[in-house]
Enquirer: 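Below you'll find the structure I mean.
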Amino acid sequence: MEIRDLEYFIEVANHKNFTKAALQVHLSQTALSKAVKKVENELGFELLDRSTRELKLTDAGEVVYHQATKALSVLKDMPHLLGDLMNLQTGQIKMGAPPLIGTLFFPKIAKAFNKQYPKVSLELIEFGAKKIEALVEEALDAN
């Protein structure tokens, strides 16, 4: 199922009219109707009661409308949440590296990182790759 088709279905449900929804999403009424029909066919339920002049959601349509609205809201929030993560200003980061890599490269990287993110502490754990892998798995299991 295409996200875009769910967005079109939501617009039709909001406007209770294919013509008004088509104008809103800049699509022909025929294309919009096909997109909604595609969603209905994929789900196996009629989502709109087309028997009256003003469209109404069926019971299945109500469920799909509410769930699709939630899902699209989550998808729209994702870039902001990832941006927040990438712009992390405080916290702690633990890194694992083999001893040679840690000795040769880490001090320079840590110094530059600390200049840019003074409130984020870095901790280097120096072990062989297998030991670091085991520690990561252990930490994941603890969470």
Enquirer: Atom NZ in Lys37, atom CD in Glu46: separation rounded to 0.5 Å?
Expert: 5.5 Å
Enquirer: Distance check, rounded to the nearest 0.5 Å: Ile10 atom CD1 versus Leu72 atom CG?
Expert: 4.5 Å
Enquirer: In terms of side-chain geometry, is the basic nitrogen of Glu138 or Lys94 positioned less than 4.0 Å from the acidic oxygen of its partner?
Expert: no
Enquirer: Assess, by modelled atom type and distance only, whether the side chains of Gln92 and Ser121 contain a donor and an acceptor separated by less than 3.5 Å.
Expert: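 Per modelled atom types, Gln92 and Ser121 side chains form no pair under 3.5 Å.
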Enquirer: With rounding to the nearest 0.5 angstrom, report the NZ to CG distance, Lys34 to Asp5.
Expert: 12.5 Å
Enquirer: Just verifying a value: how many Å separate Leu6 CG and Lys38 NZ, rounded to the nearest 0.5 Å?
Expert: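 Answer for the CG-NZ pair, Leu6 versus Lys38, is 10.0 Å.
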Enquirer: Does CD1 in Ile3 sit with more than 12 non-hydrogen atoms of other residues, nucleotides or ligands closer than 6.0 Å?
Expert: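 Open.
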Enquirer: Starting at CG of Leu23, measure out to CG of Asn17 and round the result to the nearest 0.5 Å.
Expert: 9.0 Å
Enquirer: Could you walk me through whether Phe45 and Thr58 pass side-chain contact (heavy atoms from CB on, under 4.5 Å), step by step?
Expert: CA-CA 9 Å; Phe45 288 94; Thr58 63; 6.0 Å; no
Enquirer: If you draw a 6.0 Å radius around CG in Asp59, do more than 12 non-hydrogen atoms from other residues or ligands fall strictly inside?
Expert: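 Open.
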Enquirer: Kindly indicate, with the supporting measurements, whether the criterion side-chain contact (heavy atoms from CB on, under 4.5 Å) is fulfilled by Phe18 and Arg50.
Expert: CA-CA 10 Å; Phe18 277 98; Arg50 295 169 173 86; 4.1 Å; yes
Enquirer: Of all heavy-atom pairs between Val36 and Phe9, which one has the smallest distance, and what is that distance?
Expert: CG2-CA, 4.0 Å
Enquirer: Leu55 and Leu43: same hydrophobic cluster, using ILVMFWY side-chain contacts below 4.5 Å?
Expert: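 Yes, one cluster joins them.
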Enquirer: For a quick test of reading the model, state the closest non-hydrogen atom pair linking Val120 to Asn114 and the distance between them.
Expert: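 Heavy atoms only, the tightest pair is O-ND2, 4.4 Å.
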Enquirer: Has Glu40 got a side-chain atom pairing as donor or acceptor with Leu47's backbone, closer than 3.5 angstrom?
Expert: yes
Enquirer: For Tyr65, does its backbone N or O pair with a side-chain atom of Thr69 as donor and acceptor, under 3.5 Å?
Expert: yes
Enquirer: If you draw a 6.0 Å radius around NZ in Lys16, do more than 12 non-hydrogen atoms from other residues or ligands fall strictly inside?
Expert: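 12 or below, so no.
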Enquirer: Roughly how far, to the nearest 0.5 Å, is CD1 of Ile93 from CZ of Phe113?
Expert: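 Phe113 atom CZ to Ile93 atom CD1 measures 4.0 Å (nearest 0.5 Å).
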Enquirer: Do Phe127 and Leu140 share a hydrophobic cluster (ILVMFWY, side-chain heavy atoms under 4.5 Å, transitive)?
Expert: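 In one cluster: yes.
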